[in-house]
**Student:** 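The structure follows.
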Amino acid sequence: MKINLTPVFIGFLLFFVVVSCVKDTDFDQADEIVLTPRVDLDLIYFNLVASDFFDSNTSNQILTLSDTTQLRFLNDVEVQENLRRADFYFKFTNSIERTFEAEFQFLSPQNDTTYVAQTTVAQGSVANPIITEYTEIVEGADITDLTRASKVIVSVTIPSSNANLEGALNLQSKVTYYVEL
């Protein structure tokens, strides 16, 4: 059986397909589309041993250790203007028989403090290291303060130390930035 498709039949079929598949589209809605990219970055890490908190040459305690990390991602003007939220995640593993106070001080290029976060790290032992996890979510009015920062100083403070103290304090951290475009 041979099917003969006439130009009129093909035109009718094409018209039916085009008309039946189109629905009213409001192209003005394209202005309402908001893209929210998520950027995950490693932030700070360190491995400190108990002897870092004691100077064996002078027999003096070193109660606070600090380190500075540049925040290069926040240097971008578009990021500064469009950052809506930042989720900081810190994971400490402590096998030193002391608690620690950890402070994260965010500084502007002029070294003015723009934002501060802090937590207590639980005491562990060499036989039983303890994990302390801390999350800091920055959004709303605080996000403006954060975007002015160009670096972060992390300081860990131990209440006391001596030459016989053993163990290690490790930190791993990351940040998730939410940018609205």
**Student:** Over 60° means perpendicular and under 30° means parallel, so classify the ring planes of F104 and F92, tilted if in between.
**Tutor:**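 Because their plane-to-plane angle lies in the 30° to 60° range, the rings of F92 and F104 count as tilted.
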**Student:** Within a radius of less than 6.0 Å around CD of E139, do more than 12 heavy atoms belonging to other residues, nucleotides or ligands occur?
**Tutor:**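 Yes.
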**Student:** Pick out which of T68, N111, T69 makes a side-chain hydrogen bond (donor to acceptor under 3.5 Å, both in side chains) with K151.
**Tutor:** N111
**Student:** Should P159 and F100 count as side-chain neighbours, where that means a heavy-atom distance under 4.5 Å?
**Tutor:** no
**Student:** Taking all non-hydrogen atoms of both residues, which atom of D87 and which atom of R85 are closest, and how far apart?
**Tutor:**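 Heavy atoms only, the tightest pair is OD1-NE, 2.7 Å.
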**Student:** Does the side chain of V121 reach to within under 4.5 Å of the side chain of Y134, using non-hydrogen atoms?
**Tutor:**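 Of all side-chain heavy-atom pairs linking Y134 with V121, none is under 4.5 Å.
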**Student:** Show me the pairs that pass ring-ring contact (aromatic ring centres under 6.0 Å, His included) and involve residues 147-178, at least two apart or across chains.
**Tutor:** F73-Y177
**Student:** Only counting residues at least two apart or in another chain, list the ones meeting salt bridge (Lys or Arg N to Asp or Glu O under 4.0 Å) with D40.
**Tutor:**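 Per chain and number, D40 pairs via salt bridge (Lys or Arg N to Asp or Glu O under 4.0 Å) with R38.
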**Student:** Is a donor on one side and an acceptor on the other found under 3.5 Å between the side chain of S173 and the backbone of I44?
**Tutor:** yes
**Student:** Would you say that D145 contacts R148 through its side chain, given a criterion of any heavy-atom pair below 4.5 Å between the two side chains?
**Tutor:** yes
**Student:** Checking side-chain contact (heavy atoms from CB on, under 4.5 Å) against F88, which of V152, V138, T135, T176 comes through?
**Tutor:** V138
**Student:** Got a second to check how far Q172's CD is from L43's CG, nearest 0.5 Å?
**Tutor:** 12.0 Å
**Student:** Is L169 reachable from I131 through a run of hydrophobic residues whose side-chain heavy atoms are each under 4.5 Å from the next?
**Tutor:**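 Hydrophobic grouping puts I131 apart from L169.
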**Student:** Quick check: do F106 and L71 have side-chain heavy atoms less than 4.5 Å from each other?
**Tutor:** yes
**Student:** Answer with yes or no whether the hydrophobic clustering places V175 together with V39; edges join I, L, V, M, F, W, Y residues whose side-chain heavy atoms lie under 4.5 Å apart.
**Tutor:** yes
**Student:** For the atom pair CG (N47) and CG (N170), what is the distance rounded to the nearest 0.5 Å?
**Tutor:**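 The CG atom of N170 is 4.0 Å from CG of N47, to the nearest 0.5 Å.
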**Student:** Which value, rounded to the nearest 0.5 Å, describes the distance between Y115 atom OH and T144 atom OG1?
**Tutor:** 12.0 Å
**Student:** In the structure I gave you, are the side-chain heavy atoms of F90 and T119 within less than 4.5 Å of one another anywhere?
**Tutor:**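 No. Closest side-chain heavy atoms not under 4.5 Å.
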**Student:** Side chain of Q80, backbone of L74: donor and acceptor closer than 3.5 Å?
**Tutor:** yes
**Student:** Below 4.5 Å, heavy atoms only, C-beta onward: do Q123 and I130 meet side chain to side chain?
**Tutor:** no
**Student:** According to a hydrophobic-cluster definition based on side-chain heavy atoms being under 4.5 Å apart (Ile, Leu, Val, Met, Phe, Trp, Tyr only), do V49 and V154 belong together?
**Tutor:**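 No, because V49 and V154 fall into different hydrophobic clusters, even though each may have its own neighbours under 4.5 Å.
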**Student:** Between E103 (side chain only) and S155 (backbone N and O only), is there a donor and an acceptor less than 3.5 Å apart?
**Tutor:** no
**Student:** From Y45 OH over to L171 CG, what is the distance, rounded to the nearest 0.5 angstrom?
**Tutor:**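 Taking OH in Y45 and CG in L171, the distance rounds to 11.0 Å.
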**Student:** Hydrophobic cluster membership, with links at side-chain heavy-atom distances under 4.5 Å among I/L/V/M/F/W/Y: are L41 and L146 in one?
**Tutor:**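 Yes: a chain of side-chain contacts under 4.5 Å links L41 to L146.
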**Student:** Which distance, rounded to the nearest 0.5 Å, do you find between the CG of N162 and the OG of S51?
**Tutor:**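 So the gap between those two atoms works out to 11.5 Å.
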**Student:** How close do P129 and T93 get, heavy atom to heavy atom, and via which atoms?
**Tutor:** CB-CG2, 4.0 Å
**Student:** What are the two closest non-hydrogen atoms of P109 and S150, and how far apart are they?
**Tutor:** N-OG, 3.4 Å
**Student:** Find the distance between CG (N60) and CZ (F53) and round it off to the nearest 0.5 Å.
**Tutor:**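 The distance works out to 15.5 Å.
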**Student:** Quick check on Q70: does its CD atom have over 12 non-hydrogen neighbours (other residues, nucleotides or ligands) under 6.0 Å away?
**Tutor:**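 Above 12, so yes.
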**Student:** Would the distance check show the side chain of N94 and the main-chain N or O of A122 forming a donor-acceptor pair, the cut-off being under 3.5 Å?
**Tutor:**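 Yes, N94 side chain to A122 backbone: donor-acceptor pair under 3.5 Å.
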**Student:** Do you know the tightest heavy-atom contact between S160 and Q61?
**Tutor:** CA-OE1, 3.1 Å
**Student:** With heavy-atom distances below 4.5 Å as the criterion, would you say the side chains of L165 and I158 are in contact?
**Tutor:** yes
**Student:** Should L107 and T114 count as side-chain neighbours, where that means a heavy-atom distance under 4.5 Å?
**Tutor:** no
**Student:** Do you know the tightest heavy-atom contact between G167 and I96?
**Tutor:**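 Closest pair (atom of G167, atom of I96, distance): C-CG1, 3.5 Å.
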